[in-house]
Amino acid sequence: MQERILSAKATLETDHDDPMLKGPFETNEFDWPLIFADDGQTVDARAFPPLPVTHVYEPETGQSLTVEITRSSGGDDGQFDATSGRLDVRLTLRLTLPALPILYSELDLSLSTAATVTQGGVDIAGQALDPSGQLVLVGSGRLFGSIPPIEGNRCSVKVAGRLA
């Protein structure tokens, strides 16, 4: 087994009409340890780190919404193709409101370097791992859980960074 670190930033955006709930929610840079099995194809991505994210939805007043993103499940059966540089990871992310931790939404997600999502009205394509270690994982799904205003809304995720 070989541990490699993905140093990345993530952006989440929902299709909600309210700017407070739409996003984009952008993380600071974080390190995501990925464990590559001896076969070089299976990837364990369960070490997804907790990420606090603040979205300033009214810049003139400074009003913001903070959520914490954590891995709820999955991530143990990612697939990597060394020839093409394609990486696919399935996991469920949990979005929690730190001020009210009993409220959360979850997102079943297939992140892939071969997918395309829309954020801010722009299509964003995943990018396979290149020789310098750069890659972009993207995916989307519907939110479910206990935050009624965003239940059922589509949420897109982009994770861009360097795998070392």
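We number each residue from 1, following the sequence as shown.
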Gap between atom [atom2] of [Y] and atom [atom1] of [X] - 0.5 Å precision:
{"X": "Leu51", "Y": "Glu68", "atom1": "CG", "atom2": "CD", "result": "8.0 Å"}
{"X": "Cys155", "Y": "Gln119", "atom1": "SG", "atom2": "CD", "result": "8.0 Å"}
{"X": "Asp108", "Y": "Ser140", "atom1": "CG", "atom2": "OG", "result": "12.0 Å"}
{"X": "Thr92", "Y": "Leu107", "atom1": "OG1", "atom2": "CG", "result": "8.0 Å"}
{"X": "Arg154", "Y": "Arg142", "atom1": "CZ", "atom2": "CZ", "result": "4.5 Å"}
{"X": "Ile35", "Y": "Gln2", "atom1": "CD1", "atom2": "CD", "result": "9.0 Å"}

Within 6.0 angstrom of Asp123 CG, more than 12 heavy atoms from elsewhere:
yes
Would one find more than 12 heavy atoms of other residues, nucleotides or ligands at under 6.0 Å from atom CG of Asp17?
no
Are Arg46 and Arg71 close enough, and set up right, to give a side chain to side chain contact (heavy atoms under 4.5 Å, CB included), and what steps lead you there?
CA-CA 7 Å; Arg46 290 180 289 184; Arg71 183 191 70 85; 3.8 Å; yes
Please identify each residue that fulfils side-chain hydrogen bond (donor to acceptor under 3.5 Å, both in side chains) with Glu58, with sequence neighbours left out.
Thr61
From CA spacing to verdict: side chain to side chain contact (heavy atoms under 4.5 Å, CB included), Thr96, Val67:
CA-CA 5 Å; Thr96 306; Val67 297; over 6 Å; no
Which residue in the set Val136, Leu91, Val138, Val117 passes side chain to side chain contact (heavy atoms under 4.5 Å, CB included) when paired with Leu111?
Leu91
Which one of Leu12, Ile69, Leu137 satisfies the side chain to side chain contact (heavy atoms under 4.5 Å, CB included) criterion with Val157?
Leu12
Smallest separation among heavy atoms of [X] and [Y], with atom names:
{"X": "Ala128", "Y": "Ser84", "result": "CB-O, 3.3 Å"}
{"X": "Pro19", "Y": "His55", "result": "O-NE2, 3.0 Å"}
{"X": "Lys22", "Y": "Asp15", "result": "NZ-CA, 4.2 Å"}
{"X": "Asn153", "Y": "His16", "result": "OD1-CD2, 3.1 Å"}
{"X": "Glu13", "Y": "Gly120", "result": "OE2-N, 2.6 Å"}
{"X": "Ala45", "Y": "Trp32", "result": "O-NE1, 3.1 Å"}

Flag yes if [X] and [Y] sit in one hydrophobic cluster, no otherwise; membership is Ile, Leu, Val, Met, Phe, Trp, Tyr, and two members link when side-chain heavy atoms are under 4.5 Å apart.
{"X": "Leu21", "Y": "Tyr104", "answer": "no"}
{"X": "Phe48", "Y": "Phe36", "answer": "yes"}
{"X": "Ile5", "Y": "Phe30", "answer": "no"}
{"X": "Met20", "Y": "Leu100", "answer": "yes"}
{"X": "Leu95", "Y": "Leu103", "answer": "yes"}

Output, in order, the C-alpha distance, side-chain angles, deciding distance and verdict of side chain to side chain contact (heavy atoms under 4.5 Å, CB included) for Leu6 and Val159.
CA-CA 10 Å; Leu6 176 60; Val159 179; 4.1 Å; yes
Report the C-alpha separation of Leu34 and Leu163 in whole Å, then their side-chain angles, then the decisive distance to 0.1 Å, and conclude whether the side chain to side chain contact (heavy atoms under 4.5 Å, CB included) test is met.
CA-CA 9 Å; Leu34 301 176; Leu163 186 63; 3.9 Å; yes
Is a side-chain donor-acceptor pair under 3.5 Å present for Thr54 with Thr66?
yes
Under 3.5 Å side-chain donor-acceptor pair for Thr113 and Arg86
no
If only atom types and distance count, is the side chain of Asp81 paired as donor or acceptor with the main-chain N or O of Gly85 below 3.5 Å?
no
Between Arg162 and Ser132, is there a donor-acceptor pair closer than 3.5 Å when you use the side chain of the first and the backbone of the second?
yes
Inspect the contact between Arg94 and Glu106 and indicate whether a charged nitrogen and a carboxylate oxygen are less than 4.0 angstrom apart.
yes
